[in-house]
Amino acid sequence: MKLGRALILGVFLATSLPVSANDVVGRALVIDGDTIELNGKQYRLSGIDAPEAAQTVKLPTGGADFFGRGAALVLRSLLQDGETRCLPRGERDVRGASLAVCYSGDTDLGAELVERGMAWTLSEAPAAYKKLETVAREKRHGFWRDQWEQPWLFRRRMQVVADASAPDRCAFKGIVDQKDNRIYFAPWSPWYDNYKVEEHRGDKWLCSEAEAIAAGWKAPLFLMESIISGVYNP
């Protein structure tokens with residue numbers, strides 16, 4: 001299965017994504033289940049959308065599943081063996097992040113997440129990704145075992161709630177931390193409610209994720225310890 005997938009994706013990359021000197025190589029940090037930071041820049045894995053870290057689904061047996069966190073943990077585990085290579089597509093998503101196909105060794109990170117049932121494919125995803133998603137759904141891998149809300153619907157729902165009480169409906173929080181790092185928290189962030197915008201300290205209300213990224217604010221890294229404690233403390 002993996003050999004066939006590698007061949008299919010190799011054809012896709014050769015015909016659709018020109019290889020250039022702009023390829024980015026380095027050690028990556030995880031932002032969330034489909035986004036990484038590489039050499040100080042944020043890259044979103046092209047063609048997929050993973051559950052947000054704050055997303056949960058109630059189980060019939062009681063309790064909840066946390067695949068949003070699980071997707072980020074899977075991605076982090078795939079990065080542990082060394083360098084990551086990203087092929088930027090020269091495009092940005094609606095949230096302002098650069099789109100790229102990224103590899104850890106020979107592993108296509110986006111394809112691996114889809115195959116494990118840890119990410120949905122988007123309309124622009126290559127046919128190879130779509131085939132992997134079909135198999136994952138049929139075999140009930142990952143979140144396909146449960147009835148999950150698609151992450152784009154979750155983000156929209158959380159933003160509507162946050163916009164209702166934010167000034168000028170600009171609900172993204174730009175926070176300057178104690179180390180003078182400029183971090184933004186989206187309404188769907190698991191740490192969103194923990195922070196208050198104090199403009200006299202340099203904090204700022206932002207109207208979108210694209211605005212935050214363009215102005216140099218960075219998304220908080222995925223830290224399991226911070227998820228467990230409820231406090232973002234890199």
- Message: Can you list everything that forms a ring-ring contact (aromatic ring centres under 6.0 Å, His included) with Trp217? Sequence neighbours excluded, please.
- Response: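 Scan of Trp217 (ring-ring contact (aromatic ring centres under 6.0 Å, His included), adjacent residues dropped) gives none.
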Does the side chain of [X] reach to within under 4.5 Å of the side chain of [Y], using non-hydrogen atoms?
X: Leu109; Y: Ser104; answer: yes
X: Lys218; Y: Glu37; answer: yes
X: Trp120; Y: Tyr129; answer: no
X: Ser98; Y: Lys41; answer: yes
X: Thr134; Y: Lys131; answer: no
X: Asp34; Y: Asp32; answer: yes

[Y] reachable from [X] in the ILVMFWY side-chain graph, under 4.5 Å edges:
X: Leu87; Y: Leu122; result: yes
X: Ile213; Y: Ile175; result: no
X: Trp191; Y: Leu206; result: no
X: Met158; Y: Ile183; result: no
X: Leu153; Y: Phe143; result: yes

With no hydrogens and no angle check, is any side-chain donor or acceptor of [X] less than 3.5 Å from a backbone partner on [Y]?
X: Asp168; Y: Cys170; result: no
X: Gln55; Y: Glu149; result: yes
X: Arg155; Y: Gln150; result: no
X: Arg201; Y: Val176; result: yes
X: Asn39; Y: Val25; result: yes
X: Ser226; Y: Phe222; result: no

Minimum heavy-atom separation for [X] and [Y], please, with both atom names.
X: Thr121; Y: Ala125; result: CB-CB, 3.9 Å
X: Ala166; Y: Trp205; result: CB-CZ3, 4.2 Å
X: Lys204; Y: Val197; result: N-CG1, 3.8 Å

- Query: Looking just at side-chain N and O atoms, do Glu112 and Thr107 make a donor-acceptor pair shorter than 3.5 Å?
  - Reply: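 Absent: no donor and acceptor within the cut-off.
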- Query: Distance only, no hydrogens: is a donor on one side chain within 3.5 Å (strictly under) of an acceptor on the other, for Tyr232 and Asp177?
  - Reply: no
To the nearest 0.5 Å, what is the distance between [atom1] ([X]) and [atom2] ([Y])?
X: Leu29; Y: Gln42; atom1: CG; atom2: CD; value: 11.5 Å
X: Arg169; Y: Ser208; atom1: CZ; atom2: OG; value: 14.0 Å
X: Leu79; Y: Cys102; atom1: CG; atom2: SG; value: 9.0 Å
X: Asp49; Y: Leu113; atom1: CG; atom2: CG; value: 11.5 Å
X: His200; Y: Glu198; atom1: NE2; atom2: CD; value: 4.5 Å
X: Arg145; Y: Arg137; atom1: CZ; atom2: CZ; value: 16.0 Å

Can you check whether [X] and [Y] have ring centres sitting under 6.0 Å from each other?
X: Trp188; Y: Phe172; result: yes
X: Trp148; Y: Phe154; result: no
X: Phe185; Y: Tyr195; result: yes

- Task: Mind checking side chain to side chain donor-acceptor pair (under 3.5 Å) for Arg69 and listing every partner two or more places apart, or none if nothing turns up?
- Result: none
- Message: Any salt bridge linking Glu83 with Arg27? Criterion: basic side-chain nitrogen under 4.0 Å from a carboxylate oxygen.
- Response: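 The answer is no: the pair does not qualify as a salt bridge.
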- Task: Using a strict cut-off of less than 4.0 Å between a Lys/Arg side-chain nitrogen and an Asp/Glu carboxylate oxygen, indicate whether Arg95 and Glu52 qualify as a salt bridge.
- Result: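 Between Glu52 and Arg95 there is a salt bridge, with a charged N closer than 4.0 Å to a carboxylate O.
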- Query: Near Lys130 NZ, under 6.0 Å, is it more than 12 heavy atoms from other residues, nucleotides or ligands?
  - Reply: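 Buried by this count: over 12 neighbours within 6.0 Å.
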- Tyr43: which of Val101, Thr84, Leu99, Val24 passes side-chain contact (heavy atoms from CB on, under 4.5 Å): Val24
- Geometric cation-pi criterion, Lys173 with Tyr184: 6.0 Å, 45°: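 No, a cation-pi geometry is absent between Lys173 and Tyr184.
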